[in-house]
Structures are given as structure tokens and as C-alpha cells.
Amino acid sequence: MHLSRYFLPVLRETPKEAEIISHQLMLRAGMIKQSAAGIYSWLPLGLKVLTKIGNIVREEQNRAGAVEILMPTIQSADLWRESKRYDDYGKEMLRITDRHERDILFGPTAEEVVTAIFRDTVRSYKDLPKNLYNIQWKFRDEVRPRFGVMRGREFLMKDAYSFDLTAEASQKTYNQMFVSYLRTFARMGLKSVPMQAATGPIGGKLSHEFIILAETGESQVFCHRDLIETPVPPADTDYDGNLEPIFEKWTSLYAATEEMHDEARFMKEVPDAKRVSARGIEVGHIFHFGTKYSEPMGAKVQGPDGQLVTAQMGSYGIGVSRLVGAIIEASHDAAGCIWPVPVAPFEAAVINLKAGDAATDEACGALYAKLRNAGIDVLYDDTDDRAGAKFATMDLVGVPYQLIVGPKGVKSGDVELKDRKTGQKETLPIETGLARAIDLISAQRVLA
RNA sequence: CGGAGCGUAGCGCAGCCUGGUAGCGCACUUGCUUCGGGAGCAAGGGGUCGGAGGUUCGAAUCCUCUCGCUCCGACCA
């Protein structure tokens, strides 16, 4: 992409409404534009990151056996009356009336819709298990939206819903999602820690919040330091095999959010040096809720003995749009965003220090073409801005690898390769620099 | 929903107290000089001062109402 043809409205000054760093940087880097309280338009750069995050989530969901669907944003109130949630949900649900005076709503979640799909289509235990997910916009009319996309009213969420014949089978599905989540966040360069969460009226142990540690996190969290360093399960993990050992390994050490924290237990179970007390951002939440929706909505299948069995359900959420902010919170510096390669809006940039100079244009154009042909997602800064402004923009935007070429480099046949994360620059022969950049990027495309 | 604050050019702000018809920095346009870390000079463009009503000869400024946004609390992917 040529920067001169792109749409990248960067801001030099920080809009005053932005309180936290991720919100500030997203506005400054031209990733989003606020439309109303807690509602944002995604500009090209932000959309690219959002899409890349969504695709990683998608890949890991598919790997774990979930199947993608797409459910509507607008739902019927009647469905919510079946589960008895229409009256219970409260003002967070955006209720709308259509031209026929029928009650509809903008979905804050999709248990009802998916349960209806399941109940109307699945008849036999032989069709189980099923795990259906979608990545769709949700709307929750938060009393107080804040922190940019971290707590918007409209947000993009991956929500999966599983259906199993028995509670034991449901536990297996739960484990699949548990492992999948560890991998998903790791692939975005995040260290997530699963923490036992409150389960509400259902009870049991099967609810975990996935928290990433960041100074600006919304809640206080406590955990054993070893959890942060535990390597995530590899890509070739057999999701159909026994995942219980992995689940055990990750849940045996102490980890709790403020609401679930037990100071006495924390002191007793975690040695001094291993105690971590930090701020965290919730990026995922999984839970098993048995027949909470399948029972009232009549989601039943015939078991092996011919009897009807109410499906055991679980749901598994990831805040996709929130993750954009969360990654920035976890990875930035004074100059701007520092994107891990797998989610970077562009993997590399070619910076032409003297656009308009025939020799420089030619050298940069060739470099750009070669990077593109190598499958690199590259931004070519062909504007006639001054060098300082170009560097500042690329650092703000957070392009991981920047190939800098000016008349000097053209003369000597060199390119400067800058690593955004370390800030280090190397002067290399053009072909060497090109190969180095491609190698570095390729090596980091798939983390974990 | 309780408490606080803010709406003046794309962004950041001054002007308001003490009414006289709008200004600064950045950004933008044009020209010249520059050009390897956010350039300099010069000339420009852009605002019904969030909206409505009122007071007044005259309102960004004073009064009333209203809308929007932000922050603190209770709530959440």
C-alpha cells in the first residue's frame, strides 16, 4: 500500500477525552474515530488489526473443533422471553421497536439465538458434540462507556456455544476451549492467565476469565508467578485427546481476580517470591452453564436409549475489539504502538526519504515490490514529508520493521533496517536487508 | 442512576469573571529556501463560539432550558 493513497489520519496531539494509553494511541494513529459515546468507526489501520486478531481467533477456534456461523445483530424479543431473560437483562440491553410495534433488540449476547438454532435442527445424540461460534458485533448499553474500545457499548466479540450430551462431555469441550484460549492470546504476543471466576447461579468450578497483565488493567488480580512463565500448549496439541493434564497444570496454581481473591489462601499457597499482585485486563471468559438455556428453551436430543436428553451447554467469549486496546496496553512505548508481527497492521514499511528523486523512487519502488512479492504486508511511505515526520508516524503506527532508503543509501547500495521494538538500526546492502527483513518477519508470523 | 467538569477551526487551547461582533499553536493551501530524526520565511483558506429561548442598542461572554462528550462511584466481553 502506498501511504500517499492510503487513509491514515494521524494526530500529533492527544485528544483530551482519551484517558488511557491505548485509547490515545488508537486515536493518534488513526485507527478509530469516535462516533458516539462508546461507539467507534474503525479506520483502515484499526480495521486491519481487528481483522488480523479476528483471524487468529478464528484459526484457533477451528483448530479446537468449533464451527463458525454468523448470527444476526438484531434479535427477536420473543426468543428472550422464552429463556426468561427479556425482563431480567435490564437496561444494558438495547430494546427497539420495529414498524409493526414488535419488540426487537440489538443482541448483547447470543445464547437464545444459538439455542434456538440447535433445538430446531439437532435431534440425535449422534450429532453431538457441537460447538458453534461467531464473531459478531454486540451492543451493551453500558452506563459508562470508557477507555476507548476497551469498554465500548458496541464491540466485536467471538462467542462460542457448545452442546454436549453429558456434563462429562461438556467438561471435555470446556477443556478444548481452555487450551484454545491459551494459544489464541499467546499468538498475539500476550501472556494470559486463566483465573477462576464466579459462576453465578449454576455453581461449579467451570468458569475462567482469561486475564492479561497490564498496568492500566481494570481489575486487581493475584496469581502464582509460574503461571506467567508456563509455556502454552503447542499447535499440534490433539484436541480430541485428553486435555485434562493441561487443564490441571494451568489451574492448580493460585490465580484469582479481586472478586474471587482469598488473601489467606494466597499467602498459604504461594511462596513470597512467587506472589504476583497486578492489574489485569479480561480478554476472554469461558463458562459451563449446564441446562440454563437448553432447559427453558427445550433444546433436547434423543439419547442412545431413545429418551430425550436436555443438552449441556457452555459459552466461550473473546473480546476481539477489546483485544486491540489490550495489546497496545501490553506493548507500547513513548513513541507509539509496538505490534507483535502477527497482529501488526503492516509487517514492514519502506520509507522513501526523498520522494520525487528518480533514483530513490526507483530503489524504494523495487524494494516495495520485492517485499510484496514475498508476501509481506508492507506500507510504502512515498510521501514527501520530512524524515523526522515519517519516522515519527511509522513509530506511532508501530510498523515492526522499517526499511529506510534515501539518496545516500541509493548511492552506496544500502538500506537501513530498523527494528521498531528495540529501536536498533542496521545499515545493510539492499538485498541483504531485504532478506533479513523477510526472515525476521516470517519467523515471527506464528508465535506460540 | 448519583457526584463533578467540559462543549470556541481537523487537533490542542485562550477569550467569558468585568457584554462592543473571535484569536493563538499545530494541521491544511500557494510560493521560495530547505531536506538523513516532527524545517524556515512569506502569503492564504477554514468557525451561524453545541442548540433553543431570554435580557440588552449590542451576547462566545449574563439568565433559563436543552443536547452532546468526559471524569469519579455502583455494573461489565
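Because only heavy atoms are used, hydrogens play no part in the values below, and waters and symmetry mates are left out as well, while side chains stay in. First the proteins, then the strands, lettered A, B, ... as listed; each starts at 1. For clarity, every value in this text was computed on a predicted model and none was experimentally measured.
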- [ ] Using the C1' atom on both, measure B:A74 against B:G2 and round to a whole Å.
- [x] 9 Å
- [ ] Quote, to the nearest angstrom, the P distance that separates B:G53 from B:G31.
- [x] 45 Å
Open item on the list: Tell me whether the side-chain N/O atoms of A:Arg12 come closer than 4.0 Å to OP1 or OP2 in B:C26.
Closed with: no
Task: For atom CG of A:Asp385 and atom P of B:G38, their distance in whole Å - done: 12 Å
Open item on the list: In this structure, how many angstroms lie between the P atom of B:C26 and the CZ atom of A:Arg28, rounded?
Closed with: 16 Å
Open item on the list: What is the separation between atom CD1 on A:Ile39 and atom C1' on B:G68, rounded to the nearest whole Å?
Closed with: 13 Å
Task: Stretch residues 401-425 of chain A: residues that reach within less than 4.0 Å of RNA chain B through a heavy atom - done: A:Ile404, A:Gly406, A:Pro407, A:Lys408, A:Gly409, A:Glu416, A:Lys418, A:Lys425
TODO: Under a 3.5 Å limit for both distances, which nucleotide forms a Watson-Crick or G-U wobble pair with B:C26, could you say?
DONE: B:G10
TODO: With C1' as the reference atom in both, quote the distance from B:A60 to B:U18 in angstrom, rounded to an integer.
DONE: 15 Å
Open item on the list: Testing A:Phe185, A:Tyr239, A:Phe247, A:Trp250 one by one against A:Phe178 for a ring pair (Phe, Tyr, Trp, His ring centres under 6.0 Å), which residue passes?
Closed with: A:Phe247
TODO: Produce a footprint string for nucleotides 69-77 of chain B: one letter per nucleotide, 5' end first; B if the base is under 4.0 Å from any protein heavy atom, S if only the sugar-phosphate is, - if neither.
DONE: SSBBBBBBB
Task: Pairwise side-chain contact, A:Thr97 with A:Asp103, heavy-atom cut-off 4.5 Å (strictly under) - done: yes
Open item on the list: Please report the distance, rounded to the nearest Å, between CD in A:Glu13 and P in B:G25.
Closed with: 13 Å
Task: Separation of atom CD in A:Gln24 from atom C1' in B:G12, rounded to whole Å - done: 13 Å
Task: With sequence neighbours excluded, residues passing ring-ring contact (aromatic ring centres under 6.0 Å, His included) with A:Tyr293 - done: A:Phe289
Open item on the list: Between B:C16 and B:C57, how many Å separate the two P atoms, rounded to a whole number?
Closed with: 24 Å
TODO: Could you tell me the separation between the CG atom of A:Leu353 and the C1' atom of B:A39, rounded to a whole number of Å?
DONE: 15 Å
- [ ] List the steps, then state whether side chain to side chain contact (heavy atoms under 4.5 Å, CB included) holds for A:Met31 with A:Tyr40.
- [x] CA-CA 10 Å; A:Met31 296 176 68; A:Tyr40 296 86; over 6 Å; no
TODO: Please state the P separation for the pair B:G40 and B:C35 - nearest whole angstrom.
DONE: 14 Å
- [ ] With salt bridge (charged side-chain N to carboxylate O under 4.0 Å, His left out) as the test, would you mind laying out the steps for A:Glu111 and A:Lys292 before giving the verdict?
- [x] CA-CA 10 Å; A:Glu111 279 85 1; A:Lys292 184 175 176 185; over 6 Å; no
Task: Distance in angstrom units between A:Asp384 CG and B:G36 P, rounded - done: 14 Å
